[in-house]
Novice: 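Before I ask anything, here is the structure I am working with.
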Amino acid sequence: MLRTMLTATNTLTQLQSQLDNISNNIANSSTHGYKAKEAQFSELLYQQFNNDKLDKTLRQSPVGIRYGVGAHISQIQANQKQGSLQTTDRDLDFAFTKENQYFNILMPEGEGQRTVYTRQGDFYVSPIANGQVMLVNGDGYPVADSNGNEIYFPDFATDFTLSPEGQLSVHYANGQVLPFNLAVSELQKPQAMEHVSGTYIGLPANLVELGLTQADILTDLQGTARSEIGLQIRTLEMSNVDLSKEMTDLIATQRSYQFNTRAVTIADQMLGLINGIR
Amino acid sequence: MFKGFYTVASGMLAQQRRTEILTNNMANANTPGFKADQSTIRSFPDMMMSAIKSTNIPTEKGLGIKTANPIGALNTGVYLQETIADYTQGSLRASDLKTDVALVDGQLPVDEASGNKGAIYFRLEHPSGGEAYTRNGNFTLDGQGNLVNGQGLYVLSNTGQRIQLANDNISITETGAILDENGVQVATLGVSFAANPDILMKQDNGLFRMLDNGVLPSAYGQDGVVFATKQNFLESSNVDASRSMTELMTAYRAFEANQKVLQAYDRSMEKAANEIGKV
């Protein structure tokens, strides 16, 4: 009897995780550069009962009966589809127009720093010593150039322009122009990336144990390869969450949750019947 | 004493098993490629009953003739004999992931020996050797670029090789050809055909396996087998929630009815024990 209840409760916790995932997507439906996460279910263990070893009746399936104990989330995959572009007319807003291309952000971690990847391109300048400013993202982390260094330039720039190859030019009132190549990485296997926080993803911490190298997963676009970059200035990439799909999934998941709780109730009533035999 | 006492108990057990299977079906109503389990309930083998009596013929020595008059057949219970998957096609659900594929049954021949319609599956490499089959086309890439399922089992091509891709920028044609971003064919997605799907055993994570690591033939070029592979789609589970719920209620009430009969037997026994021969 408890198997009915266990099957339903096993599944309830997993459905709860799916609800969490859906609500996270909905919560991030207006986060720039956010990629929707999709959870898919799979069956839990199957158990075989050899109920009729001695029964010689003809049957269609191999001997024994097999049945499962519920469902679990087999994987949560990020949907890399391009989000829609929003024109902001702000000088330091950037948006990728090609899938799987990412900015490199130097995120401080412990004593050192870690390169993380994001498509959220709302950048700012942050003043540092000697009248210089540094290009940073919304969290204040430095944006890397194609050599992996931070980007500094003197303050009081008058204009910013972007070449199709991802070269940011900083213009000054005296006609001086400083060019910087924004670092752009193209992910070959975004499936292997680790979600760090916010919209940041990073190379998995156990990369070596997995027998992988950075080159297996991503390519830093350098030199002539930079012509593949699809980057726009004064625009931001919206999140690719499809609200109507998420809401439909939410309703379906909630109904599944109800079905499974109903199964628990029925199992409880059956236990009551057993108790009520005498 | 009361033959039916254990018969109703077996009825309760069988209905209990049915609810367990129905709950598992309902739990997997969101699992891609899940095939609902159907259960068959069978009575215990028939038992022949006879009335045995002896007739005394008044002769000198007293002759007794034993006679056995057949009363009829009786079976003393039921059990859940088989769980058989229902192979009807699940509905297709669009997905944005390029590594999601759905198998669409076209025309599949009916197996003459069993009367069952054939079934097609994706081919997977099983870690314990041999192959496993699945309808769940929710695949992904591993770090080396191999096409794998959610548990990391390698998806096999029609030649039985793992499918290695540079990235997930692929397109899969309706005939199973996997093309890379430049339109060059990398491999053909392995699809296997089972003439009688009932001989496969269901395992965890949507896997179907043959007894003794057997291997199914490829579905490509198989006589009368028509199918399509649809990229960017997943096959939904074919569980009908309303039917499962109805069956669950039926099983519950059958369980209750058996319980009531058990109580009736108990009251008869109570009478026999306490009231017959009361002094």
Side-chain angles (χ1 to χ4, degrees), chain A residues 1 3-4 7-8 10-11 15 18 36 38 40-46 48 51-52 55 57 59-62 65-71 74-75 77 79-81 100 187-192 210-212 216-217 240 252-253 255-256 259-260 262-263 266-267 269-270 273-274 276-278, chain B residues 12 16-17 19-21 23-24 26-32 34 37 39 42 45 79-84 95-97 99 114 116 136 138 140-145 149-151 166-169 196 198-199 201-206 211 234 241 244-245 248-249 252 255-256 259 262-263 266:
Chain A
M1 179 54 46
R3 288 179 63 90
T4 309
T7 303
N10 285 341
T11 314
L15 284 167
Q18 204 196 13
E38 290 177 12
Q40 290 298 345
F41 278 89
S42 189
E43 294 151 75
L44 277 171
L45 274 181
Y46 265 67
Q48 169 151 342
N51 59 334
D52 56 352
D55 187 2
T57 33
R59 48 185 293 142
Q60 296 181 48
S61 56
I65 52 172
R66 289 155 287 277
Y67 54 87
V69 288
S74 86
Q75 52 178 349
Q77 293 163 290
N79 177 0
Q80 295 291 338
K81 208 176 77 170
N100 288 326
L187 301 190
Q188 298 301 323
K189 301 185 183 78
Q191 291 86 352
L210 291 170
L212 299 173
D216 288 332
I217 299 176
N240 68 350
T253 312
R255 286 297 175 197
S256 284
F259 272 131
N260 282 285
R262 180 63 65 200
I266 288 180
Q269 286 172 349
M270 283 171 77
L273 284 176
I274 293 174
I277 287 176
R278 175 83 200 163
Chain B
M12 283 173 80
Q16 184 181 315
R17 283 235 154 118
T19 61
E20 284 164 14
I21 289 161
T23 318
N24 183 50
M26 286 224 292
N28 283 292
N30 296 319
T31 305
F34 179 77
D37 273 322
S39 47
R42 188 174 177 279
Y79 69 102
L80 199 124
Q81 189 202 14
E82 286 188 89
T83 49
I84 292 173
S95 126
D96 285 327
L97 298 171
T99 48
S114 60
N116 289 327
N136 185 347
N138 176 229
T140 185
L141 295 190
D142 71 357
Q144 275 86 23
N149 83 344
Q151 282 62 49
N167 53 42
D168 71 355
N169 209 349
N196 176 12
D198 284 351
I199 57 168
M201 293 190 297
K202 248 192 184 187
Q203 288 187 354
D204 57 315
N205 295 310
L211 273 175
L234 280 177
S244 300
M245 201 69 206
L248 191 58
M249 270 151 40
Y252 170 75
F255 182 85
E256 192 178 24
Q259 187 254 13
L262 193 56
Q263 279 182 332
D266 182 52

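Every value quoted in this text rests on a predicted model; they were computed, and no experiment measured them. Chain letters run A, B, ... following the sequence lines, proteins first and then strands; every chain starts at 1.
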Novice: Taking side chain as everything from C-beta outward and backbone as N, CA, C, O, which of these in B/Ser114 sits under 4.5 Å from a heavy atom of chain A? Side chain, backbone, both or neither.
Specialist: neither

Novice: Quick one: what part of A/Gln48 sits under 4.5 Å from any heavy atom of chain B, side chain, backbone, both or neither?
Specialist: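 Side chain only.
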
Novice: At a heavy-atom distance under 4.5 Å, which candidate from A/Leu273, A/Thr11, A/Leu212 has the highest pair count against chain B?
Specialist: A/Leu273

Novice: Only counting residues at least two apart or in another chain, list the ones meeting side-chain contact (heavy atoms from CB on, under 4.5 Å) with B/Asp266.
Specialist: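 If we apply the side-chain contact (heavy atoms from CB on, under 4.5 Å) test to B/Asp266, skipping adjacent residues, the hits are A/Arg278.
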
Novice: Nearest 0.5 angstrom please: B/Gln263 CD to A/Ile277 CD1, how far?
Specialist: 7.5 Å

Novice: Which residues pass the side-chain contact (heavy atoms from CB on, under 4.5 Å) test with A/Asn240, sequence neighbours left out?
Specialist: A/Lys35, A/Ala36, A/Asn79, A/Lys81

Novice: Can you say whether B/Met245 sits under 4.5 Å from chain A via the side chain, the backbone, both, or neither, judging by heavy atoms?
Specialist: side chain

Novice: Start with the C-alpha distance between A/Arg262 and B/Met26, add both sets of side-chain angles, then the distance that settles side chain to side chain contact (heavy atoms under 4.5 Å, CB included), and finish with yes or no.
Specialist: CA-CA 10 Å; A/Arg262 180 63 65 200; B/Met26 286 224 292; 5.8 Å; no

Novice: Do you know which of B/Leu234, B/Asn24, B/Thr99, B/Ile199 has the most heavy-atom pairs with chain A at a distance under 4.5 angstrom?
Specialist: B/Asn24

Novice: Taking all atoms of both residues into account, what is the closest heavy-atom pair of A/Gly70 and B/Ala27, and its distance?
Specialist: CA-CB, 3.8 Å

Novice: Closest approach of A/Ser42 and B/Asn28, non-hydrogen atoms and distance?
Specialist: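 The answer is O-OD1, 4.1 Å.
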
Novice: Would you mind checking which part of B/Ser244 comes under 4.5 Å of any heavy atom in chain A, side chain (CB onward), backbone (N, CA, C, O), both or neither?
Specialist: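 Neither part.
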
Novice: Sort A/Gln75 into side chain, backbone, both or neither according to what part of it lies under 4.5 angstrom from a heavy atom of chain B.
Specialist: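 Only the side chain of A/Gln75 comes within 4.5 Å of chain B.
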
Novice: Less than 4.5 Å apart, any side-chain heavy atom of B/Asn116 and any of A/Gln60?
Specialist: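 In contact.
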
Novice: At a heavy-atom separation under 4.5 Å, does B/Gln151 approach chain A through its side chain, its backbone, both, or neither?
Specialist: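 Contact with chain A involves the side chain of B/Gln151 alone.
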
Novice: Would you call B/Asn136 and A/Gln40 a side-chain contact if the rule is heavy atoms closer than 4.5 Å?
Specialist: no

Novice: Would you indicate whether the side-chain heavy atoms of B/Glu20 and A/Thr4 approach each other to under 4.5 Å?
Specialist: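 Side-chain contact under 4.5 Å: yes.
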
Novice: Taking side chain as everything from C-beta outward and backbone as N, CA, C, O, which of these in A/Leu187 sits under 4.5 Å from a heavy atom of chain B? Side chain, backbone, both or neither.
Specialist: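 It is neither, since no heavy atom gets under 4.5 Å.
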
Novice: OG/B/Ser39 to OH/A/Tyr67 distance, rounded to the nearest 0.5 angstrom?
Specialist: 10.0 Å

Novice: Provide the closest heavy-atom pair for B/Gly143 versus A/Ala192 in the form atom of the first, atom of the second, distance.
Specialist: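 Shortest heavy-atom contact: CA-CB, 4.3 Å.
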
Novice: For each of A/Thr253, A/Leu44, A/Asn10, tally heavy-atom pairs with chain B at distances under 4.5 Å, and name the one with the top tally.
Specialist: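 Highest number of heavy-atom pairs under 4.5 Å: A/Leu44.
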
Novice: Going from CD1 on B/Ile21 to CZ on A/Arg3, what distance comes out if it is rounded to the nearest 0.5 angstrom?
Specialist: 9.0 Å

Novice: Check whether the side chains of B/Asn138 and A/Gln77 place a donor and an acceptor atom closer than 3.5 Å, and report yes or no.
Specialist: yes

Novice: Nearest 0.5 Å please: distance from the CD atom of B/Gln16 over to the CD1 atom of A/Ile274.
Specialist: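 B/Gln16 atom CD to A/Ile274 atom CD1 measures 5.5 Å (nearest 0.5 Å).
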
Novice: Heavy-atom cut-off 4.5 Å, strictly under: side chain, backbone, both or neither for A/Ala71 against chain B?
Specialist: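 Both backbone and side chain.
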
Novice: Measure distances from B/Asp168 to the heavy atoms of chain A and classify the residue's part below 4.5 Å as side chain, backbone, both or neither.
Specialist: both

Novice: Under 3.5 Å, is there a donor-acceptor pair between the A/Ser61 and B/Glu82 side chains?
Specialist: yes

Novice: Verify, without hydrogens or angle tests, whether B/Thr83 (side chain) and A/Arg66 (backbone) share a donor-acceptor contact under 3.5 angstrom.
Specialist: yes

Novice: Using non-hydrogen atoms only, which part of A/Leu45 is less than 4.5 Å away from chain B: side chain, backbone, both, or neither?
Specialist: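 Contact with chain B is through both the backbone and side chain of A/Leu45.
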
Novice: Roughly how far, to the nearest 0.5 Å, is CD1 of A/Ile217 from CD of B/Gln144?
Specialist: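 Taking CD in B/Gln144 and CD1 in A/Ile217, the distance rounds to 9.5 Å.
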
Novice: Tell me, out of B/Gln203, B/Lys202, B/Glu256, who's got the most heavy-atom pairs with chain A below 4.5 Å.
Specialist: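 Of the candidates given, the most pairs with chain A belong to B/Lys202.
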
Novice: Given the options B/Asn167, B/Asp37, B/Asn169, which has more heavy-atom pairs under 4.5 Å with chain A than any of the others?
Specialist: B/Asn167

Novice: Restricting to non-hydrogen atoms, name the atom on A/Pro62 and the atom on B/Leu211 that form the minimum distance, rounded to 0.1 Å.
Specialist: CB-CD1, 3.9 Å

Novice: Taking side chain as everything from C-beta outward and backbone as N, CA, C, O, which of these in A/Ser74 sits under 4.5 Å from a heavy atom of chain B? Side chain, backbone, both or neither.
Specialist: both

Novice: Below 4.5 Å from any heavy atom of chain A, which atoms of B/Leu141 appear? Answer side chain, backbone, both or neither.
Specialist: both

Novice: Among B/Ala29, B/Ser95, B/Pro32, who wins on heavy-atom pairs under 4.5 Å with chain A?
Specialist: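 That would be B/Pro32.
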
Novice: Measuring from atom OG1 of B/Thr19 to atom CD1 of A/Ile266, what distance do you get when rounded to the nearest 0.5 angstrom?
Specialist: 8.5 Å

